[in-house]
Each structure stands twice: as structure tokens, then as C-alpha cells.
Amino acid sequence: MSESLPPGDSASGLSIRASSAEGARRGRLEAAGVVKTFGANRAVDGVSFAAEAGRITGLIGPNGAGKTTLFNAIAGEYALDGGSVRLDGTEIGSLPPYRVFSNGLARTFQIPRPFAGMTVLENVMFVPERQAGERFWNSWIRPGTVAREERQNRERAREIIEFCGLLPVERQLAGSISGGQQKLVELARALMADPKVLLLDEPGAGVNPALLDTIVDRIVELNKRGLTFLIIEHNMDFIMSLCDHIVVMATGRVIAEGTPKEVIAQPQVIEAYLGGAVA
Amino acid sequence: MKSMIASGLMGAGLVLSGAASAQAQDCKIAVGSVLSITGSMAAIGSAIGDAGKLAIDHFNEAGGVNGCEVNFILRDDQGSPNVGVDAAKTLVEIEKVPVLLGAIQSGVSLPILTSVTVPAKVTQISCCSSAPSFTELAREGGTQGYWFRTLPTDRPQAAVLATIAAEKGYKKIAVIHVNSDYGVSLATRFRDDAEKLGIEVTGVTPYNQEQASYRAEVNAALQAEPDALFLVAFPADGATVAREWISFGGSQNLILSNALRADEFVESVGAQYLENAYGIDNAQVEGESVEAFNTSWKDAKGSDPNGPGLHVMYDAAAVALLAMEQAGEADGTAIRDNIRKVTGGEGEPIYPGAEGFKKAKTLIAEGKPIRYVGATGPITFDENGDVTGPYLIYGVKDGELATLDRWDKARVEAALEKLQ
Amino acid sequence: MLQAIADGILSGSIIALGAIGLTLTMGILRFANFAHAELVTWGAYMALGVLSLTGAFMGPLAPFSFGVPLLMATLVAMVATALLALAIDWLVYRPLRGRANHLTLVFGSFGVSLLVRMVILLLFGGAAQYYSNTLQIAMKVAPGLRIMPDQIFTLGLTAVIVVALHLFLQKTRLGLSMRALAENPELARVNGIDTRHVVRWTWIIGASLAAIAGVLYGLTVQLRPEIGFHLLLPLFAAAILGGVGNVFGAVIGGLIVGLAESISVLFIPAGYKLAVPFMILLLVLYIRPTGIFAGTVGGGKS
Amino acid sequence: MTGFAAYLVFFLIVALTYSIVVMGLNIQWGYTGLFNAGVVGFFAIGAYGTAILVGPDRAHLIGGFGLPFPLAVLGGMALCALAALIVGLATLRLREEYLAIATFGIAISIQLVALNFESLTGGAQGLVGLPRPLFGLFDSPAGYNLFYLGVVAVMAGLVYWALETAVRSPWGRLLKAVREDETAARSLGRNPARVRLEVFVLGCVLMGLAGGLYVGFIGYVSPLDFLPILTFQIWAMLIVGGSGNNRGAIVGAVGVWALWAMSGLAISRFLPVAYQSQGGAIQVILIGLLIVLTLIFRPRGLIGEAESVSKHAD
């Protein structure tokens, strides 16, 4: 099974539209004073930061720092207990996940969540919104439209699948492929949505090195076309080589922010990591 | 799809092989019955089935119908019309029964009658369905004469009970009734009759079958502090209601419907609380024919035939078999046409039991008229298939069910007249 | 009205006992066990079986209608019911637990409920039965209020059990583990709680309480194979009303459902009484799906 | 027609009517993972709705609109949709089990209404003498039954075609995605609660359609026709046939109903009369065992689910 990189050229025809052309306003994610509590536990305690458009922002911190909770809050999975989240100036903090998605923010999960009982191709074809065929009566009264849309949909899905190196497994059930490939399925699904901002939760965790290279390459490639990234990752090499900007969290707060070099030098970051390691 | 065809074929094979084996044994006549053996009537259903079986056994002992052995096929309707209709449909179409005995509940008998037996020209005789809608249907021609029942409708029952209540001097009566066609129509008729006789009916409270507790219904009925309770129920639920009624201080002046004449009811409630209770039933306790049934039941079962539906079921089966014998053929229409020839009239009386049936067979062979006098006494069907007959008033004496009084036909009609 | 309130509290306390077990299994095992109400029936009939086998109905303890044998039979019934619950868990739920769709468990319990009910019907028949055929006459406590001694006993016993259970959940290690597991299964696992052990005890406690509820029901009302089936909706309504996983809530929920059923009859025909728990259920789900005491697992998606 | 053929026609009418119910349940459970524990309730709403609308005017009853049969069935289906909406709105955004509990509740409540709301439903006596569509055109009941079998078969075929077309389009993919992983579906822009509500209502409407067809055939409704056991039977049909597959739904309906009818026949033939009273319980135990054992040992049923739902992804 080929998990290596497909030839770079093949991806060039990919219809992931360059968003940077529209200028700096597009794809800027900003959190201001975000709070999320569980009972007495303030899992996210007044977090503010910005993921600038067209950049790759890293979100790091020891276990239990509240990174994934913050992700869920941004993506709408959790209702905010305070603060706001803006995407290109539009408030999305109070929206349910499906509305956040419609506003141009896609995400992946720490533990991949493919639709296990559907093939890889179907997983990706599922993504586009407002498909005529999702209204059940359309398959009765407008079968032609549905079929045409499906053909286009399928074509694009296969391009993205190829871009993600999943072509060899496109007919397999998503539940039966490796964990790393499932991460790629999630990436492919997110790309199919043509988002402005992409939130990746530990894209490298548990992925073998060859596949990790594919993932890194794809992120760089997509970023070049203007897609904004916000990435949680524990792999420091990954973060250091990839990110333009890093936000460090500990116990629900932002404790440092800056370029990779700036951040790594700060004493409170080292302490948080050591403290986290001891606990 | 394959397996669907396979299961269909399997079904066909099973049924066909059954039919073939039935044909092989040359002379067998099937009598079908649909009764509630499980479900809400389970408590009384299987005993009723036994009563039907007893009549068949007696007839076989006497040499069978037209020289053929009678085969009793009992199907369970589980208290549900769709199950009952399906069971009746198999009996009529596959087992080819010319006569169907049942069902117990009117709600099951009615759809069987309209969608199975009448279209197939099969005679249906019910032991126990008392709803007035059958009489209406017969009058409109909907039964084409294929419908008979061996228990009287509730019209005279209500009249007799109300008359006795007035004689006893009850002033305020509460009614609690089972929420079924039987309960609703008997309760309503009783209320009308009682009010005509100057008795105040403080409330008519329906209850749903098979609930564990009827405290709420009892409390509602108790509110007006009536001096008597008319309870229309089947033994199991009836016992629950009566127990709660008495426990919560209700009057022990109880008026009981015919279905409550059952040992099970007396045992569950406790005989000591039923001293002031009286009820009505259409089964006679005296008379040679009744004794003949009671004795043979006791021989077969080792207990007294105290329970709803036993006498009437025996008669339903007996009438069907005698009519078949008289007709000389096992055909639904022939049975329909001969039922009135073996009941009523002036012929030689025939009593329940193998001996009686033997006598009937001889007389029929000789071309002499017979008249079945059954487990419920003399039986006469009117043009709608309904019977009118005498009643007994039962109560509890020395811890056991006992007959307190008897109302013959004339007395019943006088009571009815007064209420017109 | 007074009578309706008294009756409501009585039936409410029996519902509460059943609902405690249900709320625990819903909280800890995370599925709606449709077979739970059948445990109530099973317990009631096991006690009857013991009574009829030993043939003992020694003199009742005045003023109650029952004596020591019934108390003994209840203990046996509790054990028998716990065994049944564990057997069902082992035979049916364990193989189904790993399935992707956790509703498969609910579905399995749906089938099990039918099986248990029919087995009881086969073993004991469909007719109504009583622990004692002696009728107890209610005492007139106040104008328009009659209460039977057995009912007082039922109330008292329920109160004792609820207090004991409360102490158990607050003070013992096992009780604390159960609460922890109900509140946060991930955290409980991380903290080294033996999940299987807790699950086993959840069944034992839930089933034992169901058995007691069954016996009390049989004592104050009657035994029929359908009693559990008829109690199912009230039990669910009580558990959800009180907040899933919340024992105290289940008790209050049970009382509210019992009272509502009983009082409703003053305003609507008695025939609709059984629909009252459903109405309460719908109302709770529309207005406050987490229940009045915001249960540990709550109404939200877990 | 010989006896057996006549019975077969009767049997198939009932079995195919149930197959429509099973297909309705299949899109709820098989495709979307919704547990409907009150199937019989929706079947009953459809039946009573149709009966009340089609029935002739009677003095003591509220209904009796005397509508043409197809209109009456549509009315019954609309009532089903309304009831499904009420239950669905309350439960479908909550824990999945709540739907099961609430549907169980509505089935019981519907039965109570049927039993107690006498002026509308005829109470325990039910509604009798309902006109059967085009009954007058046939000389013999057998001929009519054959005609009605045609009607039911066409309806079942139509429902099969419609559902099969719909689930093989992106709609089916949507249902399956919601069933497989609701969180992921939500993160990809879908509102699972809305999807569930749509499917739940649609499935219940189909159950209502079957209820209407049942009334048209029997010409009679009574509360005793809608006992809780029917829900279990329908579930057994689905799980045995194979949930997530419409062909399985039809095969299951016919197969399980045949099993039920034959076990009844076998019990009445081979079990001595003295033990007959246990017969019904044995039949029901068979249904229970069928459900539990299939669930454990053959969760995919006779015909499993297709791996790829949408035909355009083949």
C-alpha cells in the first residue's frame, strides 16, 4: 500500500481555491476572553489570541491545559461560558457546530472520527453542503440533478483523496484503515469543505513517520494557497518547523505567545512543561 | 428474496402435508374454535375450551357425527382481533371446519363473523359474546343467519338485577364496569333500568382490564357514599376491584354480573365479604339436563363447573354437533338450517352427556324430532340467533357459590315489561 | 383529595424504589434498561414462589397482613432477582456492550423484558395472585382518609431504605465509586476504579431494590405478570424527572409521579391515568431535560 | 380458489401491510439508528385516523366524515406526522434512549385514548362497519381479497422503490453519517437533530399508511388490534430480515409472520388441549428469543446492510 507522497504535480490541478487573493481579512480567527467551565473546573479560563489569516498557528501546552476544550469551544461543540470567537469579524462563539462549519471553519479530531461504516470516498463525498440529493424527494422528482451533482461531487472528492494519498483505499470502509489514514480522511473531509480556517487536533499523533511527512507536506502546500491553520500538537519538531506563531496554554490560560524561538526561551513555558511532566 | 420464497414453500409444504394426512383418515369432521386462551381473558378461556372439548368427547363416545369422529381444533386469539381473524381464517380455509365456536369477546367475534365466517358460509356459534351489536347486525341481514349465541343478551340481565336491587331497597348504587363492549352495554342498561325504578346511580366508572390496581376507580366510585355497588367484571380484575372496594370501606352490598360467578372470584375476595352479594347467571343449577352436565364435568375435571362460559360453551358445541347429525352433512349452511330443528319445538328432550347424544342419534336415524335441553336448560334461538331463557340468582352461602333464586321466562318478561 | 394524596404517596414510594435501580443503571451503565421493570415482577413472584414452596404463612404480625415468612421470602427474592439481573447482564448485555451503536443494548433489554414477562407467565400463570387471601380493612384515620397498616409499613420501609442507600453512597468506598462512575466514567477509570466491580454491584443493588418494590406492590395491590410492564413508564418518568443518575431525585420523582397519577383521577377519567407519567415525561423533556435535580449524566448528550 | 390459496392471499395481505411498517422502522433504526419502541402506537394512529375519516356518519360518534378511502389514509398519515413531531421535538436533541422511552409512552397513551375516548374511537367496541374501498365491485370475498392483495402489493412496492431510491442518493449517506458519528456529522455542517426529526416523522408516516391499509382490509378497528406485542413482532421482522436493508425488511415481515402463523397452527395441532393455555406464551417467547439471539449471533440479520449506500459512489 502506498503511503508515500504522490507526485507534486498531480495536486496542482486541485480545486482548493486560493483564499489569500482576497486579502488579509479572509480567514482570521480571533478568540477574546473565552471561558468554558465544567462545574467548578474552569477548563478554559479567559483565553485570548488570534490566528492570523494565511498563517499556521500552533497551540501547545501540557496535558490538561485546556487545548482540546478550547477547540471544542471554538468549533461550537461546547457552548461558551464567557468571551467571544470571531471569524473574519463575524461572531461564531454562540453558534452550534454546523453553523460554525457553514461560516468556513473546519476541524479534525484528536481521535479520528471517520464514518466507520462508510467508504473513504463516501466519507469525503458527504461533505459538501446543500446537496440537492440530501432532500429525499429530490431523488424522486429530480433524479437528473442529483446524479449530475453526484458526478461533480465525486470527481472533486477523488481529486482531494488523491491529494491526500488515499486513492488506494478509497473503496475501503473508513473504519478498516489505519489510524494515520483515518487522520488523512479527516483532512480530506475538511478540505472538501473548502474552509477558510482549519483546526487540526494533534494531526501527527500516532502516525507513522512516512505518513507524517505526507501530512506535513499537505499542510504546507495548503497554507501556501492561503488556508489558515490552527494546530494542536505535542510533537515539538513538527510545531517548530511548521508554525509561524505559537500560543502556549497551561491550566486553562495562555501563558506565552510568539514565534517558536521566542516561546521556547520563556521560563514559564519550560516550567509549565516540567510541572506538567511531574504531575 | 430467495429465502422469502423458501419460507413460503416451507409453509405451503407443512400445511399441505397436514391437509393430506387429514384426508387419508377417511372420516373425520373438524370443529373449530377460537377462544382467548392467553391475553386478557386467559383466566376463563382455557376452561371454556375444556367445556367445548367435553361436548365433543361425549359425542365421539356416542359414536361421532354421522359415523365420523369429531376433531376439536382450538385456536387462541390472545384477546386480539387480528390474531383471532387469522386463526379463524386458517380454521375455515385450511382445516375446512363447517362450524366455528367462539369467540369470547364480542370485539373478536364480530370481525371473525364479518370477514371470515359469513363470507365463507360457515356457521358461527359464540358462547360468550353478549354485545347488542350482533342483534342489530342480524336484523340488518349482515349475518345471513350464520350467527348464533347461547348466552342471552344483557338486556334482560340488567332488568332483573335492577328489579332485585329495587326490591332490596337500595337507594344509591355506584357502577364499576370493565371497559369492554360487554361491560359498557350492561352497565349502561343497568343504569337506565335502575333509574326507571327510582334508584339513584351515583356514577358509572369504567376500568381498563389487567391493571394491577383500581384504587383510583374505587375511590372515585366511593365519593358519593353509595349503599351498594354493581360490579361488571371478569373474575381476576373483578376480585381486584372488590378487594379494594371492601378494603376502603365500600358497602358490602354487591351486585355482580354473570361473569363473576366463579370460584376464583369468591376465593380471591374472601367468602366472608360476599355474604350480601347477589348476581345473575343464565345457567341453571337445577334440572336434569343441568345435573347431567354438572356431573359429567365433575367426572372429567374433579371440580364443580363454577366459572363463566362453561355451560354455554358446552351447549354451543352440542347444538352444532346435533345440527350436523340432523343435517347428515358437515356443511356450514346445512348446520345453520338445522339448528332450529334440534332446539325448541316439541321433540323428544335430549340431555347433555354421551347417553343423551346416543339417544339423539337413534331418534334422528329414525326420523323422529328431537329437542336439545342443555347445560343451561331449554334453548330456543330467535330469528337473530339470540336465546332467551331463565335466569338464576347466585350468591355466596357457607363460603361457597350457591343459587339463591330462579327467574323463569315469564318472570323475566314481566320485569322487562315493567321497564318498558 | 386527602385520600388521593395518601394513595399517591404510597404508590409513589413503590415507584421510587424501582426508579432508584433504574436511575443507577441509566447513570452508570449508560443505557435505558427496558427490562428493569420486569425485575420488579420477578422479585414479587420469587417471594410468592418461596412462600408457596415453604407453605409457610405463619400467623401474621398484627396489625399487618403478613408475617416473618414474607420477610424471609423477600430476602430470598432479592437474591434471586440480583442473580437474574447478573445472568441477563452476562448472557445478553455483555456480548452487546461492544457494539458501535449503544442503542443495541436498549434494544436487547427490550427483547429481554418480553422474555422475562412470558417466563413468569409460564411459571406462575396469568391469573392475579396474592400473598395472603385475607383482606385487610383500611383504618379510618381522618374523615375521608383510610389507610391500611400494610401501607404504613410500605412507607416506613421505603424511607428506611432510602436513608440507608443515601448513607451507602455517601460513606462507603463502593458507594463513592458508583457515584464517581456515574458522574464521569473517564475520570473514574483513570482514578483506578474497578469498573466491572462497580457495574456488578450496580446490578445487585438495583435488582434488590426492584425486588423489594415488587414485594411491596404485591403486598398492597396484587401480583400479575404485567405489573412490571405497567410500571415501566412511571419508573422512567420518575428517573428522568429526578435527573438520571440521581438517587435522591429518583425518590422525589417517584413521589411526584405517584401523586400526579393519583390526583389526576379527580380531574380526568380514571382510564387515562396511565398516560399521566407520559405527560410528565414529555413536559420534563420539553422544559428541563436534565430533570429537576440536574442528574449526574443529565439529559444532554453524553 | 382452494382453501390454502385463499389463506395465502389473506396471509400475504397482512404480511405485506406489516412490511410497510417494517420499512418505516428500517429507515428509523436501520439507517439512522433511532429506536422507536412505540411502533404499534403510530400504526394505530394511522388506522384510527383513517377509520374516523372514512367512516359513515353516526349519531353517537364525533367522526364519520365519510371521506374517500385514499383521502382518509392521507389524513391518518398526517395525524401520524403530527404525533411524531410532538415526540420528536421533545426527544431528538437529547440522549438517544429518550426517544425510545417517549415512543413507548405514546404507544400506551394512544391505546388509552382508543379505549376511553368513546365518542371518537368507539371505545372498547371499536369502529365497526367501515366501508372497504371498491368492495361493491366484486362478487366474491375471494375476488376482493385478491384485488386488495394487489393494492397492498403495489403500495409496498411503491414504498420500497421510493425508499430504495432515496437511501441510494446523498440522503442515505446523510442518515448513515448521523448514525455513525453524530459529532463528526455536526462538525461537517449537518444538524443531526433536524435529520433525525425528518427521518422519524417519515418513518412514522409510513407506519400510518400501513395502519390505513389495514383498516381498508379489515373494515373494523378496535383497541385490541394494537396491543404492545405487535411492536415486538415488527421489531423481530426487521432484525431477522436484516436492518439497514429494505429487501430484508420485506423478507423479514413475510418470514416472521409466517413463523408466527405456523407456530400458532403447530401449537393448536400438536399441543394437547390441557397445555394450550401455555401456547400463546410460547409463541411470544419465540419472538423474544428471535430478537435477542439474532441481535447477539447474527446482528446483520438474514440480509445484511449494503456497504456502500449511495449508488453514485460505487
If one checks every heavy atom of D:Leu175 against chain A at 4.5 Å, the contacting part turns out to be neither
If I measure from the heavy atoms of chain D, does A:Phe126 come under 4.5 Å with its side chain, its backbone, both, or neither?
both
Between A:Phe109 and D:Ala184 the two heavy atoms that sit nearest each other are CE1-CA, 4.1 Å
Looking at A:Glu134 and D:Arg173, does any basic side-chain N land under 4.0 Å from a carboxylate oxygen?
no
What option among A:Ser102, A:Pro128, A:Pro114 has the most heavy-atom pairs under 4.5 Å with chain D?
A:Pro128
Is a side-chain N or O of D:Lys176 found less than 3.5 angstrom from the main chain of A:Met118, in a donor-acceptor match?
no
Distance in Å, A:Arg142 CZ paired with D:Ser169 OG, rounded so as to fall on 0.5 Å steps
12.0 Å
With D:Leu188, the side-chain contact (heavy atoms from CB on, under 4.5 Å) member among A:Arg189, A:Arg107, A:Arg113
A:Arg189
Is A:Ile111 atom CD1 crowded by more than 12 heavy atoms from other residues, nucleotides or ligands, each under 6.0 Å away?
no
With a 4.5 angstrom heavy-atom cut-off, which part of A:Asn153 approaches chain D: side chain, backbone, both or neither?
side chain
Under 4.5 Å from any heavy atom of chain D, what part of A:Pro112 do you find: side chain, backbone, both or neither?
neither
State, with a plain yes or no, whether a side-chain heavy atom of D:Asn191 is found less than 4.5 Å away from one of A:Pro96.
no
Closest non-hydrogen contact found for D:Ala166 with A:Ser139 is CA-OG, 3.4 Å
So does A:Val127 get a backbone contact from the side chain of D:Arg190, meaning a donor-acceptor N/O pair under 3.5 Å?
yes
Please determine, among A:Arg158, A:Glu129, A:Glu170, the option with the most heavy-atom pairs under 4.5 Å with chain D.
A:Glu129
Output yes when a side-chain donor or acceptor of D:Glu180 lies under 3.5 Å from a complementary backbone atom of A:Ala116, and no otherwise.
yes
Test your reading of the model: is there a side-chain donor-acceptor pair from A:Trp140 to the backbone of D:Thr165, 3.5 Å cut-off?
no
Partner chain D: residue of A:Ala190, A:Ala157, A:Ala132, A:Pro97 with the largest heavy-atom pair count (under 4.5 Å):
A:Pro97
side-chain contact (heavy atoms from CB on, under 4.5 Å) for D:Glu198 and A:Phe136? Distances and angles first, verdict last.
CA-CA 10 Å; D:Glu198 177 183 306; A:Phe136 59 86; 3.3 Å; yes
Distance (rounded to the nearest 0.5 Å) between D:Asp181 CG and A:Phe115 CZ:
6.0 Å
